[in-house]
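One structure is given below, encoded as structure tokens.
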Amino acid sequence: MNIIHITLGILLGGAILTYFANKISGVVRDLMFISTIVVAAALFFIKMTPDTVAVFNLGGITLSLGMNHLGLLFSIIILGLAVLAGFYSLPYMKGKDNLGFFYMNYLLSIFGMMGIVMSKDLVSFFIFWEIMTWSSYLIVVYNGNKANKIGIKYILFSALGAYSMLMAIVMVYSQLHSFSIADLSAGFTTMPASYQITIALLLITGFAVKAAMMPLHVWAPDAYSNAPMSYTAMFSGALSKMGVYGLVIVFVTMVSHLPQNFWVRETIAWLGAITAGMATIYAIFQDDAKKLLAYSSVAQLGYIITGVAIGTEISMIAALMLSIVHGMFKANFFMVVGAVERQAGTTDLTVLTGLIRKMPWTFFSALMSAIALAGIPPLVGYVGKWMLYESLISNGNYILVIVIFFASTAGFLYVFKILYSIFLGQEEPEFENVKEAPALMVIPMVIIALLLGFFGAFPGYLLKYIDNALVVMGYPVSQGKWWEMTTLFNAWGNKVSTDLIMYTTITVFVTIAIVLFYRWKNGRYVSTKDISLSGEMPKEDENYSFKLDFYKPFERAISPLLRYKISKYYNEFADGMEAFFDWTRRIYNGNAQTYAIYVITFLVILLLIANNIFTV
Amino acid sequence: MSLGSNLDLLTVTFYGTAIALILIGLYAALVKRSLIKILIGLSIVDSGINLLLVSIGYLKGGTAPIFSPAVIDKNPAMVDPVPQALVLTAIVIGFAVTAVALALVIRLYRHHKTVNIDEIKNLKW
Amino acid sequence: MDILTISIIIMAILQIGAAIYAVIQKDLLYAVIATSVISLILSIFFYVLQAPDVALTEAAIGVALTTIVFVITIRNTERHEDKRHVKIGNKIIKK
Amino acid sequence: MKKVIVLILLAVVAYYLVDVFSQIKFGENRFQGENVRDFYLDKSKNDLHVSNSVTSIVVNFRGFDTLGEVTVLFLAATALGSVLYRRKAHGEAVLFNASTIVRSGAHLLFAPILLLGAYVFIHGHLSPGGGFQGGTIIATGFLLMLLAYHDYKVSHGVLTWVESLAGLTFASLGLTGLILGKTFLENFLPIGTINDLFSGGIIPIIYIAVGFKVGAELTGVLYTMLNEKEYKKS
Amino acid sequence: MVGSPVQLIAIPLFAAFLIPLLGKAWKELVRITPGVVILYLLYLSVDLLNYTIEHGRVVEVIAGWTPPWGIDLVFSPFSGFLATLMLFMGLLVWIYSYRYQTFEDYDDYEPTLKYYLLLMMMITASVGVVLTGDIFNLFVFIEILGITAYGLTAYYRHRDGAEASFKYLFIGSLSSTFLLLAIMIIYSQLGTLNMADIAVKAHELKPVYKITALVLFLVAFGIEAEMFPLNGWAPDAYSQAPAPVGAAFAGIVVKAGLYTVIRLIYTLFEVGGTYEYLIVMGLITMFFAEFAAFSQTKLKRMLAYSSIGQMGLVLVAFGIGKEEGVYAALFLMFNHAIIKSLLFMSGSYLVYKSKNKYISELNGVGKMMPVTSFLFALGAFAIVGFPPFAGFWSKLAVLTAAADSGMLLIIALILSISLIEVIYYLRVVNRIYFVKRDTDLGITKPTPQAMFSMLVLGAIILIVGFYPDVITGVLHKASATLLDKGSYINDVLSLSQTIN
């Protein structure tokens, strides 16, 4: 009974017990829920050594679970976010009905993710993948409105991805007669070329669906925004990283051996870049905070996919770094929006205004994650983005750099939009009695915000784990001291490190902060209405913080590009299929005689073609 | 009294009538709209099948497969009894199925007030 | 071509004629009677084919019981195949 | 349009049927080697001492078919009863008294028909005929009475008793074969000499049981259908 | 010594004749005896199955005449597995329909007697079809199966049972006509009706006879196995029959139909091209059935089409043919029987009060009937093949079998079909749990025994899901027995030397 059995056992047992604990009482359920996560995480991080292996024998197939550094890295994201989002969701979900069901699926998806990260063979990988999918589906449709449309779209795309992965798994089995990933990476070159390329492409589509790559991303915005915010924090933070985990495995083990290696990497990189660009543009014009963040999450994943696709050492570090960092600030942002939704009642950006004084801590964490998201120096987002640019340039695809650079700067637009509309601007009497979110919600947000800062200053801590993961993937060791970045040198020979810029900005900011702090005493409290507008005194009820059509001129410039939304084609295809299905069932027209005529026609056809299809 | 004489003519008559009955029965079952006419067609098909089954078992110059006292010691060539046994079962099953079908027709008439198959189409698609 | 073969051929033609009549006839009662004629001739054929058991069964079940069951059903449903040809007096009127 | 399609289809079916059955020679002995037919004829005459070999096949060699066969009739009667079942019979039966000729004729003929039916299924193993044929004749006898007299009642209880007892004798005869260590439906009684009434072991007994069962069942079927209340009038 | 297989058919027949008399003594006996009989048969067949797994086939001879002459019953691990599965499902269906509410509205002695009699005989007929070793005996058992199915489909007065039953009867009688024609051709040429004997002598048949007989057999058995163009009757029969009978159709009757096709192709005729025929017909059946199921508005009709689609998948698996193919097909059959019956049983309770069972009347029933809707959702997740449940292992087995024989296109088709299945099943689960209740239809709580049988099925799904090795041993043994035709022949025909 090693650590793997224990962790998975706790998670699965906890999920089922939480469901039944709900029958007893709310408090017991919350206790059971949060204790499962904390105990599992604690036990995992304390006792996990990378060489423990657990082998099951089910239905004639040996399922082996084990842990390596790459898995360890991703499990940091999963369990870290799970603990924080777990504490966050206790107050957030208070008062909603059948919470036992919600918490069970919450724990089941964590169980699924931990299973994926631990699985050493393709079947257990697929089993945990499907468990994660359907448990997250049950949460996406949890609060019921428009459940059918959004739920079906989500499960359709995930099933599409899962089944293409299943096909690849079965093809691997038919060639190598074993499901284990080690055999796959060893025996991949022995397979016939057609098998190699189909398996690689199928697996890539499978993982790209979960990582919301462009053509397959249609489910993501609705699913992220419709699920309860406490789950979406983990959903977009950790769940989408499973797609990245898969892509990493595929690119490392298979694509490098492919003859069409270059073309596959190039197309996926470009698709990632397009995802980043288009999603950012869509995000800018969203009026609902949840939708905006959902699109922004799709955009960030675009960067990671490009990083993984390029596949050089620095880009892989960038990708892994970004996936951790994205996990943190995206979860933080969703928690912020969740807190605002809980306190102020709505997430509509055109309505919300001036909550900075009422929810200071939420504003603080929103600010920190905004800076990190936009990749502005002092915080860790900058490190990831910087390494991504570094790798793209040294790898020589310059146009790609331009697109990524445009996407990340445009990223700042929607980040500013969300900060400005929710927190800044004049206060409205409507939000007079809004108080700060309860402590249990604020603490996780602030912790993440501080972590963003800490890792910004000392990226080495994160890079240590990423380095071990890279060693597992076969890249040379690159990590220096905890304060340094890497000992890598880019194409032009100078060290890839952002220490210099990082520390200058930190020192500048810190000094300004200290100066301001001391002058705080003789500061003057100014109400948001106290603005002189070219000599006119603003009347009491007028509100000069404009929220509507925030980026109208920009939108008008971009609008020809926006017409080609991919979901239009999907809907047409779906309606076409539906009409075709409806037409096929007309064959059973209810008249017994027609059925008899079908029987006789089938007999006649069979008699006519019998001689050439049956060889006696 | 045995069918000794020209065999190929008899082949045509027995096999011919049997297959004709089957086809006429099938035609009635597939084209006529009244449920009872369909069942008449099906029972004609049954008769055709039974005739075919028995005529397969016939043996030229064979007597009935019964060892009556008159014929027991001469042991003449006998017709094949096995198809006769099968036909016996087939006739009774045919009747049982027709009886149940007619009961269903009565029930359908009670509900739909018609025996026209085109008008009984609640269950479609 | 002895007398037996000729009579068999005549009966065969009679049987097929009865079958066609049973299919074409609109009045279901006559159609059922035609079916019983088919069964009767069939029973004679079984006798000629040296299958007395089967002839007896066909006579008992085919001619007697199947006909009566059909007649009972016609009595409970409709006599004419499609209502439109209702026979009043001897003129067939389209209803 | 439907007629044309059906005609074409039936033409093709006709072609294939004629093609197959024209190759099967009529009245020609097709089986040379040791085959089922000669085996049955020889065993029925020497081992079972049953003169009517069709009966020996129906009851003994392929006895399981007949057991299935009897169940088919039994279930058909049950299914028919359940399909035509109506809780509150409304409206009076439209059965009417037949004309006097038919009534007196029926009265006269009823006993001989039953006698003929009984004769047929008792001598099933000697002369042509047997359980099914005898049973049907008895049913036609009762049918005649039902048609002639509108108030002729056949008590449902008796029918069920006869039907069940006959079926039980058939099944228990089979099971006793099994209990005695032989196989199911095997003959365990002395087979007597051929061509006299008590020959052939359990075969005549089974066929008599089948006769009673079929007779009772078909009468029940006809009774249910005839007493099906006349729906049109009410 | 273990009991003899003929008891599996003789005892229910004995009981069938006995029940009307018992009914006169005490009304309740009519409901109880079928259950007791099926329970005993289940015990017997499980005992026999264990015996045959160790010692190989048990060939039971009837009326003392050894196989080529008389009729024989063959209880091999393959047919034994199917017989045990049918009896087990029969027992659960009987428990489910014991004092089923709608029957109580009919609380007359007559209909209940007839229902339980027909149900018991339907189960016995399917067991008979699976066990018999003689084609004419197979014809008789198919007829018994047919008659009971017609009677049971037309059981309810207030539904269109009569119309569905008439359609089934019409197509069924066509099937028996073709079957008789085929038996006639076989007998006229080979002079024998025993399956093993035919298998031995099949090569002597002239091609014209062999092909025509094969085609007639395929069409006749195709109607029973609900292949595409021949299954017009199936959706009506499934949806109009009472709920327990619908579960029995999905669990038992369609298995017997499928068995006949498999016995024909695997044992009776060694004809090239039949495996490809199975694959093509299976795929076509799957496509049309799943397309139709996708656009259904009525719940039971949707389940009926989905059941036909699953049968198409089983046909494809049998078409793949080697050891893994047959193993996967049997696993699919087992899973389909368990899960589809659960869906029928729980589904019909969810839409109990509604006249024509629209899916829209399911909205928000999750809160009112928590356990039944949970079981329905469990069934839906299992049938679609989500991992921790039983359906996943059988789907994986089919795909590995297809991959081993290099049929990539077939894998792609199967997966795209299961994509459609995912959508229309989860659409219903969505309605049950996540849409508010908008109809004023009342709900009916399932009876305790109905709940018991549903819970048993749900438990099996979970057990097989988490630990499939519970039944994979039996399945491997059964698929091995089906495949080696030689041992079937000499087991059956070798008896003739020993006994007399």
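The sequence lines fix the lettering, A, B, ..., with proteins before strands; numbering per chain opens at 1.
- With chain B as the partner, the residue from E:Glu143, E:Gln296, E:Arg301 showing the most heavy-atom pairs under 4.5 Å is E:Arg301.
- The part of E:Leu174 that comes within reach of chain B is its side chain, from C-beta onward, which places non-hydrogen atoms under 4.5 angstrom from that chain.
- Here the side chain of E:Glu163 pairs no donor or acceptor atom with the backbone of B:Leu108 at under 3.5 angstrom.
- Using a 4.5 Å cut-off between heavy atoms, B:Leu86 contacts chain E through both its backbone and its side chain.
- Put simply, of B:Arg107, B:His112, B:Lys121, the one with the most heavy-atom pairs under 4.5 Å next to chain E is B:Arg107.
- Among the candidates B:Asp46, B:Val82, B:Ile38, the residue making the largest number of heavy-atom pairs closer than 4.5 Å to chain E is B:Val82.
- The contact between B:Leu52 and chain E is made by backbone and side chain atoms together, counting heavy-atom distances below 4.5 Å.
- Closest approach of E:Leu169 to B:Ala101, counting heavy atoms only: CD2-CB, 3.4 Å.
- Atom-to-atom distance recorded for E:Phe170:CZ and B:Leu104:CG is 13.5 Å, nearest 0.5 angstrom.
- Ranked by heavy-atom pairs shorter than 4.5 Å toward chain E, the options B:Thr98, B:Val105, B:Ile117, B:Asp80 are led by B:Asp80.
- With a 4.5 angstrom heavy-atom cutoff, E:Ala154 touches chain B via backbone and side-chain atoms both.
- When heavy atoms are compared at a cutoff of 4.5 Å, E:Tyr187 approaches chain B solely by way of its side chain, counted from C-beta outward.
- Distance check: B:Ile49 CD1 to E:Leu181 CG gives 3.5 Å after rounding to the nearest 0.5 Å.
- Looking at E:Lys167, the atoms closer than 4.5 Å to chain B (heavy atoms on both sides) all sit in the side chain, from C-beta outward.
- Residue B:Ala29 touches chain E through both its backbone and its side chain, counting heavy-atom pairs closer than 4.5 Å.
- Rounding to the nearest 0.5 Å places CZ of E:Phe166 at 8.5 Å from CG of B:Leu102.
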Pair E:Phe136-B:Thr89, side chain to side chain contact (heavy atoms under 4.5 Å, CB included): steps then yes or no: CA-CA 10 Å; E:Phe136 191 75; B:Thr89 320; 3.9 Å; yes
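- With rounding to the nearest 0.5 Å, the separation of OG in E:Ser173 from CD1 in B:Ile93 is 12.5 Å.
- Only the side chain of B:Val45 comes within contact range of chain E, with heavy atoms under 4.5 Å apart.
- Once rounded to the nearest 0.5 Å, the distance linking NE2 of B:His111 with CG of E:Asp160 reads 5.5 Å.
- Note: B:Ile22 CD1 to E:Thr177 OG1 = 8.5 Å, rounded to the nearest 0.5 Å.
- Counting heavy-atom pairs under 4.5 Å between each of E:Gly191, E:Ser165, E:Ala292 and chain B puts E:Ser165 at the top.
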